[in-house]
Amino acid sequence: MRFAPNPSGPLHIGHARAAIPNGEYVKKCGGKFILRIEDTDPKRIYEPAYELIQEDLKWLGIEPDEVYYQSDRFEIYYQYAEELIKRGAAYMCTCDGGEFKKLKDNCQACPCRDNTVEENMELWKKFPEMEAGEAVLRVKTDINHKNPAIRDWVAMRIVEEEHPRMGTKYRVYPMMNFSVSVDDHLLGMTHVLRGKDHLANSEKQKYLYQHMGWEIPEFIHYGRLKMEDIALSTSKAMAGIEDGTYSGWDDPRLGTLKAIARRGIQPETITQLMVEIGIKMSDSAISWKKIYGLNRNIIEQKVNRYFFVPNPVKIDIADVPEEDLGLTIERPLHPDFEERGNRTLVFNSEVYIPEADLTDGISRLMDAVNVEIKDGNASFHSKSFEDAREAKARIIQWVPTDAIKAKVVMDDASVTEGLCEIDCNDLKVGDIVQFERFGFARLDEIKDDELIFYYAHK
RNA sequence: GCUCCGAUGGUGUAGUCCGGCCAAUCAUUUCGGCCUUUCGAGCCGAAGACUCGGGUUCGAAUCCCGGUCGGAGCACCA
């Protein structure tokens, strides 16, 4: 099995849709997982992507057995192109692209198709000296094929741009359909699993296999993935990063794996999602809710709880009984796992609560006391939880005045400022927490006296 | 326009090949209830689907024909 991306950017969720089923097949049925970087169009190479792709694949938990760069394999492609010419299965076409299309669309062969092998070989030898557009190498298919797209497709063309890895060493470049078929055959691919946008390409490639007398692999196609709200397109993301709309490849609004990882979505979540979607031909629309639900199932019991007070307001609670001041309050890090221990908060009359909770009525500060709020002023109401129940109090989180500054970058890239409890100092970058009543978030950065989190989901 | 493909609850799927055991699976979602000092989880309950029209058949989600809707491809990109 193989995963063969174009190195135009880091991997996004659409790539995962291709990589994961290939990886799962190898896990289940054995065989090799080959990563082949298809860098045969210098215009579409984003150099850092060579690294990024491997990083992202690793994040997904996929370790390729072998890695190939197509730009290392030009000589191989030349060798097979020549062989193809010798077999009379390909010809050098010097027609203008537009002219050719006109003929082709009417099931007409162009004059070049009748070149002798010798004529073709001669042109092939001169190919490297030609200018872009002067000639191409075409594979003979069926000029009467009912799908015009299949008719005599291009295998080789001239590219004058400099290649990031190869410089100007090569001018004759293989087209994707050619290099892919040669590699798939040479690397022993038994199954080719790819998106249905390649349906016509599979058809084209079959002609090449037949010309060469190769065994045709099993072509399997799957439908498109439609994600709500995000632009999957790498080029759009790139443009947005350049003009400053997005902060980088891991901007939370993007669908890149880096962005997803930054928010604390687990690789297992993505794998599970792709396995569930399967490889059927019809398109699938997936919602964030679905991803969040799966992710919650995975992280819910792993991560610890803390208090975070968004948009905090300070209240000074009047009439707190003397004996309740300075109380040390312990709350479990996870209610179902007592053995993880507790975090501690010290209660005094001055506390911060979320602005949204500063509404008239009785509220219970979790594990502390019940307060009555009226016109923005708070006064002691009672102490026990039973009293809170009786008063139908809302139960809210709070932090003492020793709280730490925190920012949470939300999924729309807006920032919620607030305070989190002091025990959050124990957290390391990369840790995921659940802020009670707020949602799951991943600690992204510790900046001086401030913690910066990325919001995952409820 | 041409070529090809697809269609099961809000979403993702199982079932379709080899018609009956499908008044349709599982998950997510939404809404109630119980429990719980958050949320979530858990437990209980509920909501919600075979694209439409014909045909074949004793019997159709499943087979056939047609319509509709949706998607992909139609490059000297991958």
Rounded interatomic separation in angstrom, taking [atom1] from [X] and [atom2] from [N]:
| X | N | atom1 | atom2 | answer |
| --- | --- | --- | --- | --- |
| A:Ile291 | B:U11 | CD1 | C1' | 11 Å |
| A:His221 | B:G73 | NE2 | C1' | 11 Å |
| A:Asp283 | B:G70 | CG | P | 13 Å |
| A:Lys101 | B:G1 | NZ | C1' | 11 Å |
| A:Ile150 | B:C5 | CD1 | C1' | 13 Å |
| A:Arg2 | B:A78 | CZ | P | 13 Å |
| A:Met175 | B:C74 | CE | C1' | 14 Å |
| A:Asp105 | B:A75 | CG | C1' | 12 Å |

Ring centroid separation for [X] and [Y], is it under 6.0 angstrom?
| X | Y | answer |
| --- | --- | --- |
| A:Tyr80 | A:Phe178 | no |
| A:Phe308 | A:Phe438 | yes |
| A:Trp249 | A:Tyr46 | yes |
| A:Tyr292 | A:Phe440 | no |

Are any of [X]'s side-chain N or O atoms less than 4.0 Å away from OP1 or OP2 of [N]?
| X | N | value |
| --- | --- | --- |
| A:Ser8 | B:A78 | no |
| A:Ser284 | B:U13 | yes |
| A:Lys146 | B:C2 | no |
| A:Arg171 | B:C76 | no |
| A:Lys196 | B:C4 | no |
| A:Arg224 | B:A72 | yes |

Checklist entry - Which residues satisfy the ring pair (Phe, Tyr, Trp, His ring centres under 6.0 Å) test with A:Tyr222, sequence neighbours excluded? => result none
Next on the checklist: Closest-nucleotide mapping onto RNA chain B: is A:Glu436 or A:Asn201 further toward the 5' terminus? I mean the 5' end.
Outcome noted: A:Glu436
Item to check | First of A:Phe438 and A:Ile277 reached from the 5' end of RNA chain B, by closest nucleotide | outcome: A:Ile277
Closest approach to the side chain of [X], judged atom by atom: which nucleotide of [options] is it?
| X | options | result |
| --- | --- | --- |
| A:Arg138 | B:C39, B:C76, B:A27 | B:C76 |
| A:Ala285 | B:G12, B:U3, B:U37 | B:G12 |
| A:Val136 | B:C77, B:C76, B:U3 | B:C76 |
| A:Asn147 | B:A78, B:G73, B:U13 | B:G73 |
| A:Lys280 | B:U30, B:A78, B:U13 | B:U13 |
| A:Asp197 | B:C4, B:G70, B:G73 | B:G73 |
| A:Phe385 | B:A7, B:U37, B:U3 | B:U37 |
| A:Glu276 | B:U30, B:C4, B:G12 | B:G12 |
| A:Glu300 | B:C2, B:C39, B:G40 | B:G40 |
| A:Met176 | B:A78, B:C74, B:U37 | B:A78 |

Checklist entry - Between the side-chain atoms of A:Asp336 and the base atoms of B:G40, is any donor-acceptor pair under 3.5 Å? => result yes
Salt bridge or not between [X] and [Y]? Use side-chain N to carboxylate O under 4.0 Å.
| X | Y | answer |
| --- | --- | --- |
| A:Arg171 | A:Glu160 | yes |
| A:Arg138 | A:Asp152 | no |
| A:Glu55 | A:Lys258 | yes |

When all nucleic acid strands are considered with a 4.0 Å heavy-atom cut-off, which category describes [X]: base, sugar-phosphate, or nothing?
| X | answer |
| --- | --- |
| A:Asp367 | base |
| A:Met281 | sugar-phosphate |
| A:Arg296 | sugar-phosphate |
| A:His145 | nothing |
| A:Pro335 | base |

Checklist entry - Using the ring of each side chain (for Trp, its six-membered ring), is A:His191 parallel, tilted or perpendicular to A:Tyr25, with breaks at 30° and 60°? => result tilted
Next on the checklist: Angle between ring planes, A:Trp398 versus A:Phe307, binned at 30° and 60°: parallel, tilted or perpendicular?
Outcome noted: tilted
Checklist entry - Under a 3.5 Å cutoff on both atom distances, Watson-Crick or G-U, what's the dot-bracket for RNA chain B ([ ] crossing, | other strand)? => result (((((((..(((.......[.....)))((((((.......))))))...(((((..]....))))))))))))....
Gap in Å between the two [atom1] atoms, one belonging to [N] and one to [M], rounded:
| N | M | atom1 | value |
| --- | --- | --- | --- |
| B:C50 | B:U11 | P | 12 Å |
| B:C65 | B:G42 | P | 46 Å |
| B:G54 | B:A72 | C1' | 29 Å |
| B:A27 | B:A46 | P | 14 Å |
| B:G19 | B:U57 | P | 16 Å |
| B:A61 | B:U3 | C1' | 29 Å |
| B:G73 | B:U51 | P | 25 Å |
| B:U68 | B:G53 | C1' | 10 Å |

Next on the checklist: A side-chain contact here means heavy atoms from C-beta on lying under 4.5 Å apart; do A:Val180 and A:Gln205 qualify?
Outcome noted: yes
